[in-house]
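Remarks on the structure that follows.
Residue numbers begin at 1 in each chain, while the letters A, B, ... track the order of the sequences. Values below: all heavy atoms of this structure, side chains included; hydrogens, waters and symmetry mates excluded. Everything numeric here is computed off the predicted structure, so don't read it as measured data.
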Amino acid sequence: MNAPVLECQSLTRWYGQVIGVSTVDCQVGPGVTGLLGLNGAGKSTLFKLMAGQLRPSLGRVLLLGHDLSHHRGLFRWIGFCPEPDALYESMTGREMLVYLLRLQGFDAPESERRAQLALDRTHLADAADRPVAGYSKGMRQKIKLAQALAHDPKVLFLDEPFNGMDPVSRYESMELIRALGREGKTVMVSSHILHEVEEMTSIILLIQNGQILAEGNIREIRDLVERHPHQVRIECEDARRLAVDLLPMEEVLGVKVEAPLRLVVETDRPRRFFGRLPHALLSSGVKVRGFQTLDDDLKSLFEYLVEDAG
Amino acid sequence: MKESGHDRHFGPVSQPPGLVPFGQVYRLVFAASVKDLIRRRRLVFIGLVCILPLLVTAMWRAFGGEHLSAEMFFSNLVSLLYLQLLIYIVALAFGVPTVHDEVEGRTITYLFTRPVSRVAVYAGRLTAVQLLAGSLLALSLVVCFGLMVIGNPGVLDLEFIRVYVNHVLIILFSTIVLTGLFSILGVAFQRPLVWGIVYAFGWEGVVAKVPGRLQTWTLDFHIRNLIMGEEDVQKGLLDTFRHLLTDQAEVSAWVSFAVLTVALVVFVYVGGVLFSRKEYVIN
Amino acid sequence: MNALRSIIRTRGLVQAYGPKIVLRGIDLDVPPGASGLLGPNGAGKSSFLRSILGLVPIREGRAEVLGLDSQRDALAIRRRIGLVPESDCLVPGMNAVEMTAYCGQLVGMARDDALERAHQVLYYVGLGEARYRDLGGYSQGMKQRLKLAQALVHDPDLLLLDEPTNGMDPPGREAILELIRDVSRNKGLHVILSTHLLPDVEETCDQVIVLHEGRVAETRPVAKSIIEAGRVFDVAGRGDFDRLRQLLMDAGHSVEDRDDGLRVTLNGALGVEPILQVAESMGEELELRHLVEAGHSLQDSFMEAVR
Amino acid sequence: MPIHDQGYRHWDGEIRQHPLRWWPIAQRGVMAVLPQRKVILLIVLAWLGPLVKGVTLYGKLRATDLLTQVLGDKGAEVGAKFFWGAIDQQGFIVLLFVVLVGSNLIAADRRFKALQLYFSKPLTPLDYILGKLGIVGTFLVLTVWMPVMLLWIFGLMIEPTAEFFGAVWFVPFSLTLYTLLLIAVAGLLILALSAVGQKGVFIAGAWIILFGYGPFQLVILLLRELSGQAFWSLLSVERDLEHVGAWFFGNATDPELHPVASLAVLLVVVAACYAVLRRRIRPVEVVL
């Protein structure tokens, strides 16, 4: 029998009368999945529920088919990087990792070995023997990341792991997360910087008002959003002439000349339109410098989805 | 189920893994907690408070030796400073943060995402806290002994040593019991220190002085009762105390000892169970 | 007042805490407009801001802000700047109007002026509705807006922002960035944005300054610099990109895999036609959605500067 | 007909900083504390003592016959000493007020990192400290200086004789001097604690111990008794203040100690607290 790595079954959680997450059903498989949502949409609650830090009010979380709230041993398979900036301030980075690894059941030498491995992977080896109280914000985030992956878990939950990191650390950590995904780990990562999520993965889970609003591949979701036509900006040497040539295409909804050398084409049937665009451009004879889709990125997608959901 | 864009890669189902052995977790948490407690500023502050009786002892050595015998001075010191003030301060300062340090510092998440029994975590932290609290008071008492005895061998008779050892044991035992109680507050409440102070100086401080059976419901009564069981040392101020409480409830020292022991067991059990059930919403 | 050629001007600025040197001689002319200040942790960004605000003595060299010497006229400088600090920094127990007016008074506005102006800027940053609520209950986004309001209350000439979008969700970030763009592009305020988020700089600033190990590692305009006009292109889209790559290589062009597509360096004629022709030959199985001249992004040149 | 810009508008008013840059800090701080119910209650309580004193004063000066029998006192004995008594009886209220108002003044700013806001404005650390001191000072003026001052005016109104005036003319000066000293010592001490500690309980506890109440003063008095050395009393700030205050009003209480010694101790305390404050309040932390 096979089971999904991670499965939520009608997961619901209240705080008193406030609802945090409401009847969430979803499955998450290996690879990196980006968890997105507005502040207060229920992202953190969902994270904590899936990582076994909160008990569901209703429903359950299954990890490889086992109910998370019944088997505490399942934490051997889970790595959790919490969002608050909290560490064992008086320990050194290495001490903290070894301590937490030993609590995963590894013996002392094995814990030392794995701690070193995790320090190397997060580029913290140089600072390993300094107390974490003296770490910069980026290093503090990295040591949190290190403790989440040191015991080689199957599933990782990373809640805003880049908050406060400098661009270099961000870059390194994003590489690391992509690598974890390639290794076949199931990685759930939340971030407000959509640009970065896009660089790590094309699979997202969007939560709004405590419910799942969209899940799956960014581009496929984008094509499902029909209400907002795709916009393509074309730079060319004569925008008006090109506009006249493109307007007869049946996929084109409208053309707007933004500047003498720039026009924007709107289409509601992107697949056909883009398939035919090279031919249209070549046969028009207007010299083209380049073109780009304006709202094909996660930022626009997020805006459209959240806007439409109200 | 909705159609969605990516392959789920279903993995094989295996048996869920088990917990890390209780003993190992206990030892690790205990060791880490002791190290952490030693590095905290709190230790210095409480250490300073523990110097207070030493000042008084030094004064007794300097000026009062001829008026007040060593046994009497010591038993007064114990009942006035240690039993009324110090054990509560120390037990509050160490007991309340047993778990609350990790909750407030939000590091508890790291322990709760490990395959460990929460009772083992609680036991490890509690015993570490009790060890530290006990050691601090014991150190204070040992220095006190030194201050009284060094260069003053006259006081060192069998009776004095008996009184001393007896009192030290009672102080340490009550500190351990109280620490167990206060650490429950740390598990249960958002602002445990306030509740702790209300209990220590409200309930214990007032009810224990009320004549009649009501006072048997305080720990203070039983702790005091252990000392009262000591026949020969009730002269000085303690004696006056007892006369004030005309309706002193009569309970044998052994019963009080049993009550305190049972209380300790109950405190540890309740704390452990509460901790393993409690859900901390950490933002 | 004559127009300033540079709003911040430093010459040989050296800053040290005890034996630890944090700024190793900075010569910088920050032009008017909006500038992004970037740098890894420990690069000296905070020390730079501290020394131009006159909060710490300068070891060597000199720094001028808005034509004022940072050591001699520190208070005068701070009267003409608005700082949005990174950390929370809002003590509960006041509402937004009181808080903003208080900050205005601290700068030296009369009480009535400060109150009136507080209402104005609070409307401007979008806290109009919430301005009488205790700020203890504000969300992260509202706090950031309030921090911006208190920095704008005295109508400063220079706005310094330290991680102004920290912890905000995408629409919130967008709103704050829009406000920053507005004051800098339409209202003539100079802006210095110190941040770790390169996209924030890309969206609001005209130029960037990269500090690294206490030195200026790079200054450049934000707009991406084209690698080679008409020869190097980035293409992206959907469909059979493996075949596209193969066809392009067969045509003699060199192709490199990028995160989200291909980078094509043409061999021979310049312009997009060769690529369009290959795409056309593949018919509708290929959806070409991006075809742009490749450039060095901010990310690229940042990583280059600090490595 | 133009459409007006509803967006950001420039402000062309003039920035004229108050000559006392710390003034807005003190003003805002007082306005934040004053409306609290516990503070109002305490102010009312603080005025009860002087009110009783006022009645006594009236009795002593006017209804001498009746009250001399009750109080066993002579009207002629009303002198500077009487007003010192009125100050002295405010001791406990002062202790409460200072800890209630002062303990959070800097601790809260540090907890929320609000110092960053202050020092991004044209303010120096000294301005900040003075502003916060002004908050504590206002409440000390409200509870010590003002009632006693009114008492003095009241006394002169019912007994406008040259003899009485001759006996108490210097009271306003002594009162002002003492209040300033009290503000400096108590205010800076609580501010220093507030800048060091994080928890209210700790700050309050340390304040009581350092100011010289509770077991601490007991130990000091015991030391003095047992050793027969008067200088031990200098260790209690509270006793020093009392000693110097009484001296300002013309009759030092402790014959074994010179008031100047107490004054010196108080000045050392002030200097130490100021040093602590300057160490803890540094504009360097403004940009992190």
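The two residues A:Arg76 and B:Val20 come nearest to each other via the heavy atoms NH2-N, 3.6 Å. The minimum heavy-atom distance between A:Arg13 and B:Glu279, with the atom names listed, is NH1-OE1, 2.8 Å. Nearest heavy-atom pair across B:Gln24 and A:Phe106 is NE2-O, 3.8 Å.
A distance of 13.5 Å separates CG in A:Leu103 from OH in B:Tyr110, rounded to the nearest 0.5 Å. A:Arg72 contributes atom CZ, which lies 7.5 Å from atom CG of B:Leu19 (distance to the nearest 0.5 angstrom). Separation of atoms OH (A:Tyr99) and CG (B:Leu28) is listed at 7.0 Å; rounding is to 0.5 Å. In this structure, the separation between CZ on A:Phe75 and OG1 on B:Thr113 is 7.0 Å, given to the nearest 0.5 Å. Taken from CZ in B:Phe112 to CZ in A:Phe80, the straight-line distance is 12.5 Å, to the nearest 0.5 Å. For the atom pair A:Glu89 CD and B:Arg39 CZ, the distance stands at 12.0 Å (nearest 0.5 Å).
A:Gln104 contributes no side-chain N or O that, together with a main-chain N or O of B:Arg114, makes up a donor-acceptor pair within less than 3.5 Å. In this structure a side-chain-to-backbone donor-acceptor pair under 3.5 Å is missing from B:Arg106 to A:Pro84. With hydrogens and angles ignored, the 3.5 Å screen pairs no side-chain donor or acceptor of B:Tyr280 with any backbone N or O of A:Leu54.
Residues of residues 147-158 of chain A lying under 4.5 angstrom from chain B, judged on non-hydrogen atoms, are A:Gln147, A:His151 by number.
By the neighbour-count criterion of 12 heavy atoms within 6.0 Å, atom CZ of B:Phe22 is densely surrounded, having more than that number from other residues, nucleotides or ligands.
Of the listed residues A:Met96, A:His71, A:Gln53, the one with more heavy-atom pairs under 4.5 angstrom with chain B than any other is A:Gln53.
If you measure heavy-atom distances from B:Arg118 to chain A, the contacts under 4.5 Å come from both the backbone and the side chain. For chain A, no part of B:Val121 is nearby; none of its heavy atoms comes within less than 4.5 Å.
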Stepwise side-chain contact (heavy atoms from CB on, under 4.5 Å) check, A:Met91 with B:Lys35: CA-CA 9 Å; A:Met91 294 189 189; B:Lys35 257 192 223 160; over 6 Å; no
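For the pair B:Pro115/A:Leu74, no side-chain contact is recorded, criterion being any heavy-atom separation below 4.5 Å from C-beta on.
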